[in-house]
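Read the structure below first, then the notes.
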2 protein chains.
Amino acid sequence: MAIHTDVTARDSQESVTLSIGALSKRTGVHLETVRYYENIGIMPAPPRSPAGHRRYDREHLKRLTFVKRSRELGFTLKEIRALLALVDGGDYTCGEVHELTVSHLHDVREKIADLQRLETTLAEISEQCADGTIPDCPFIETLFR
Amino acid sequence: MAIHTDVTARDSQESVTLSIGALSKRTGVHLETVRYYENIGIMPAPPRSPAGHRRYDREHLKRLTFVKRSRELGFTLKEIRALLALVDGGDYTCGEVHELTVSHLHDVREKIADLQRLETTLAEISEQCADGTIPDCPFIETLFR
DNA sequence: CTTGATCCCGTAGTTACTACGGGATGTAAT
DNA sequence: ATTACATCCCGTAGTAACTACGGGATCAAG
């Protein structure tokens, strides 16, 4: 499936147009963020109404949903650009997507490991100085060494 | 222990002075970061040599070490400011430190939980599209929905 | 006394947005 | 037709925590 699905003249609702506000509400992406995505080239510049208001169609809606989902999965905008480039090219394979995903998964696992190490240390600290009125907390002492 | 330990005239090495580069090497904090910390008030402005070069002493070294350690534990600069304010005040108690630490620990645990949810999803995805030459990857499909 | 390392400063770039301000439209009710 | 209010426009600046850059001064060693 290419990102630009065929919306032929035979389609039942052939010209869906959404204002930026409507698009924002449907996707849950902030209005300013939509404009931001346009500025940085992640979303294409949509046609404008005579007065200059942006008019979005179903393709825009799909693309923005894609971006939103990918962000929720923790992909950076840079990674999403790569994903979109594949998809826009139209001839991507599952393997290419797999590669990006695995690489991202690796990053996520590293972050988890880092945070778990932190968690352990912080938990130890907070046990050490749980009872509260002692001045000269040992935690503070260790931070100075 | 207050942050400003007494370095009396009787101390064996009474005037340690470090250039910004030396301080940077000893603490592992980038030189530019040291200046940055000075700009934002986390490190005090040190005295200068006649030519205007910064001269640091043991107190600076201790403070910067403190900041470095705290950063490594994932505290934000804002949190570190709070910690330093307690310490600078000199009359902090273990309980106050405990509070900040527990709050931070809570944040860390939330982040871990978030990332673990991500990890699960990403692992599922990468299994689904592991074998590589199929076009129209199912993962991409789901992102469009 | 020359060479190379180090230092100075201010500014801009990074990531992914969010917020602001002031003016122009769109839409609905009267 | 007018009024009122929501929505839209744009560009700029702010957020966190730095990093990088550029061009000039100074220091330390040989």
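By convention in this document, chain letters (A, B, ...) are assigned in the order of the sequence lines, proteins followed by strands, and residues within each chain are numbered from 1.
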Could you state the atom-to-atom distance from [atom1] of [X] to [atom2] of [N] in whole Å?
X        : N       : atom1 : atom2 : result
Arg71(A) : dT15(C) : CZ    : P     : 12 Å
Tyr36(A) : dG14(D) : OH    : P     : 17 Å
Glu38(B) : dC7(C)  : CD    : C1'   : 13 Å
Glu32(A) : dG14(D) : CD    : P     : 17 Å
Arg48(A) : dG26(C) : CZ    : P     : 13 Å

With the side chain of [X] defined as its heavy atoms from C-beta on, choose the nearest nucleotide among [options].
X        : options                   : answer
Ser19(A) : dC18(D), dC9(D), dC8(D)   : dC8(D)
Ser49(A) : dG26(C), dC9(C), dT19(D)  : dG26(C)
Leu77(A) : dT19(D), dC17(C), dT26(D) : dC17(C)

dT6(C), OP1 or OP2 - any side-chain N/O from Lys25(B) closer than 4.0 Å? yes
Within the pair Arg54(B) and dC27(D), is there a side-chain N or O less than 4.0 Å away from OP1 or OP2? no
Evaluate the side-chain proximity of Glu119(A) to Arg109(B): yes if any heavy-atom separation is below 4.5 Å, no if none is. yes
Could you tell me whether the side chains of Asp107(A) and His104(A) share a donor-acceptor contact shorter than 3.5 Å? no
Nearest-nucleotide check on DNA chain D, Pro50(B) vs Thr76(B); residue mapping nearer the 5' end is Thr76(B)
With a sphere of 6.0 Å drawn around CD of Glu79(B), does it hold more than 12 non-hydrogen atoms of other residues, nucleotides or ligands? yes
Whether Arg71(A) side chain and Phe75(A) backbone form a donor-acceptor pair below 3.5 Å: yes
